[in-house]
> 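Submitted below is the structure of interest, expressed as structure tokens.
Basis for what follows: all heavy atoms, side chains included, without hydrogens, waters or symmetry-related copies. Both ligands and their constituent atoms are indexed starting at 1 by order of listing. For clarity, every value in this text was computed on a predicted model and none was experimentally measured.
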Amino acid sequence: MTEAFGRVLVTGGAGYIGSHVVHALLERSARVVVLDDLSTGAREAVAEGAILEVGNAGDRAFAVAVLRRHRCQAVLHFAGFIVNSESVRDPLAYYANNAGATRTLLEACVEAGVGTFVYSSSAAVYGAPDRVPVDEDAPLAPLAPYGRSKLAAEWMVRDTARAHGLNVAVLRYFNVAGADPAGRAGQVSRNATHLIKIACQAALGLRGGVEIFGDGYDTPDGTCVRDYIHVSDLADAHLAALEHLGAGGESLTLNCGYGHGASVREVLAAVERASGRKLDVRVGPCRPGDAPMLIADTRRIRKALKWRPRLDDLDAIVTSALGWERRLVEAAARS
Ligand code: UDP
């Protein structure tokens, strides 16, 4: 098992999803090097047992040096910008950091002889799909520069794989949420915009309330529906992808979600249940670039990787997210 993983470089390993995957890899005795510039991630989020190299994933010379020094065989590329609305205001930053840096990192991988590459893509590449659940062969029509920057990177990953003989997995994340049930990791970035984080902060009195971005959508209760996946299940999907590629499996593009969704109102109700507090909710205008409904067709990942979620439950997701936010509050009070 350990041999299948070998030495793994995790870019963005100090960030939300990357830090969970690092824990999961270490639990399976992999040797892990984190490459992170700590721009949105946190040094404390890097698990003990992983080596931290501080730098940018798009710095080719640095990436080659790190890959060679640690003789990495596989790269998991999480580092990137993730805020949709910010990408509308500053598209070039998103193209540089998500597409440009991926291009450079791929070049470094080819130069250093890395054989396996796992790319963090997003359901944003689908835009607003005509049909849900959406499968991997659906038309790709991202609504904002964020999704377009991820899609551009996907193309580069697959083209590089074909030309240079890399084995790659492109994982399209739906709405990643929750925190490590053991409390070792969670959403670290200070100004996260994600619904569950915002609602948990409101439940803990850190914000006045929660604004619903539109309730006139063509959905069961008028609010947007998303496929929320627990970050620990997503971490398992990465390990399964690495195992698959390490065993000589073919390159893959896979949705990562549960195959069913929850509306904004259902999420807020779950946060109220978990916290025992009534949230101050008001309905505001729609947020530009929001798809009404995004739900993954998960048949391919279940078949190809034999991946089975362990935490497919909105209450479990929200409870773990709330627990993490509570720990952050307690830690801030101590410091
Ligand atoms: N949302 C909301 N209020 C907020 C944050 C998010 O109503 O303060 C909605 C948003 O419009 C979307 C859903 O919650 O329909 C999930 O948004 P999030 O930003 O968490 O993830 P996204 O789906 O944009 O990747």
Side-chain angles (χ1 to χ4, degrees), residues 15-17 40 78 80-89 94 98 120-129 132-134 141-151 171-179 186-204 206-231 234 255-258 260-272 275 279-296 314 317-318 320-322 324-325:
Y16 172 46
I17 302 170
T40 53
F78 296 95
F81 291 157
I82 59 159
V83 183
N84 207 53
S85 53
E86 196 176 68
S87 80
V88 177
R89 288 194 300 276
Y94 274 69
N98 291 352
S120 303
S121 189
S122 164
V125 298
Y126 297 117
V132 291
V134 60
L143 299 174
Y146 167 67
R148 285 191 276 275
S149 69
K150 298 303 264 188
L151 181 53
L171 301 182
R172 293 181 179 152
Y173 307 161
F174 282 65
N175 285 63
V176 188
Q187 174 61 269
V188 277
S189 85
R190 279 166 294 278
N191 38 15
T193 57
H194 293 119
L195 175 66
I196 290 182
K197 171 123 185 160
I198 283 174
C200 288
Q201 288 177 332
L204 294 175
L206 302 171
R207 300 176 175 259
V210 183
E211 181 177 342
I212 295 178
F213 297 150
D215 68 351
Y217 288 96
D218 184 15
T219 60
D221 69 13
T223 65
C224 293
V225 172
R226 294 288 181 273
D227 187 338
Y228 294 92
I229 171 173
H230 195 291
V231 63
L234 184 66
N255 284 342
C256 296
Y258 287 149
H260 55 84
S263 72
V264 175
R265 285 202 187 280
E266 284 169 335
V267 168
L268 299 181
V271 173
E272 289 183 339
S275 64
L279 294 175
D280 183 3
V281 176
R282 75 177 191 88
V283 178
C286 294
R287 191 171 63 173
D290 265 344
M293 248 203 223
L294 264 178
I295 297 172
L314 185 59
I317 290 174
V318 163
S320 67
L322 191 65
W324 172 256
E325 293 303 322

> Tell me whether Asn175 reaches ligand 1 (any heavy atom closer than 4.0 angstrom to a ligand atom).
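Contact check Asn175 vs ligand 1: positive.
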> Need the ligand 1 atom indices (1-based, order shown) with element for anything under 4.0 Å from a heavy-atom of Thr193.
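Checking each atom against Thr193, I get 5 (C), 19 (O).
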> What residue and atom, counting heavy atoms only, is the protein's closest point to atom 9 (C) of ligand 1, and at what distance?
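Of the protein heavy atoms, Val264 CG2, 3.7 Å lies nearest.
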> Please tell me whether Tyr94 and Glu86 have a donor and an acceptor in their side chains that are separated by less than 3.5 angstrom.
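Side chains of Tyr94 and Glu86: pair found under 3.5 Å.
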> Just go through Leu195, Asp290, Asp215, Ile212 and tell me whose heavy atom is the nearest to atom 6 (C) of ligand 1.
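Looking at heavy atoms only, the winner is Leu195.
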> Counting non-hydrogen protein atoms only, what is the nearest one to atom 1 (N) of ligand 1? Give residue, atom name and distance.
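Protein heavy atom with the smallest distance to atom 1 (N) of ligand 1: Phe213 CD1, 3.6 Å.
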> Do NZ/NE/NH1/NH2 and the carboxylate oxygens of Asp215 and Arg282 come within less than 4.0 Å?
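No.
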> Going by distance alone, is a donor N or O of one side chain under 3.5 Å from an acceptor N or O of the other, for Tyr173 and Ser121?
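Not at all, the side chains of Tyr173 and Ser121 share no donor-acceptor pair under 3.5 Å.
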> Could you list which atoms of ligand 1 come closer than 4.0 Å to a heavy atom of Ile198?
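Answer for ligand 1: 8 (O).
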> Which ligand 1 atoms, with their elements, are less than 4.0 angstrom from a heavy-atom of Cys224?
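Result: 15 (O).
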> Between Val88 and Ala144, which heavy-atom pair has the shortest distance, and what is it?
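Smallest interatomic distance, heavy atoms only, reads CG2-CB, 4.1 Å.
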> So which heavy atom on Pro292 is nearest to which on Arg226, and how close?
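Pro292 and Arg226 have their closest heavy atoms at O-NH1, 3.6 Å.
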> Under 4.0 Å, counting heavy atoms only: does Tyr173 come that close to any atom of ligand 1?
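Checking ligand 1 against Tyr173, which is what was asked, there is no heavy-atom contact under 4.0 Å.
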> Look at atom 3 (N) of ligand 1 and find which of His194, Lys197, Glu211, Arg207 reaches it with the closest heavy atom.
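Selected option, by shortest heavy-atom distance: Glu211.
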> Return the residue, atom name and 0.1 Å-rounded distance of the protein heavy atom closest to atom 23 (O) of ligand 1.
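Result for atom 23 (O) of ligand 1: Arg226 NE, 2.7 Å.
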> State the CG-CD distance between Leu195 and Glu211, to the nearest 0.5 angstrom.
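With rounding to 0.5 Å, CG (Leu195) is 11.5 Å from CD (Glu211).
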> Could you identify the single nearest non-hydrogen protein atom to atom 19 (O) of ligand 1 and state the distance to 0.1 Å?
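Nearest protein contact, heavy atoms only, for atom 19 (O) of ligand 1 is Arg287 NH2, 3.1 Å.
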> Do Tyr228 and ligand 1 have an N or O pair less than 3.5 Å apart?
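No.
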> Testing Ile229, Ile82, Ile317 one by one against Val176 for a side-chain contact (heavy atoms from CB on, under 4.5 Å), which residue passes?
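Of the listed options, the one satisfying the test is Ile229.
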> Would you check if the side chain of Glu325 reaches a backbone N or O of Leu204 as a donor-acceptor pair within less than 3.5 Å?
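Flag not set: sc Glu325 to bb Leu204 has no pair under 3.5 Å.
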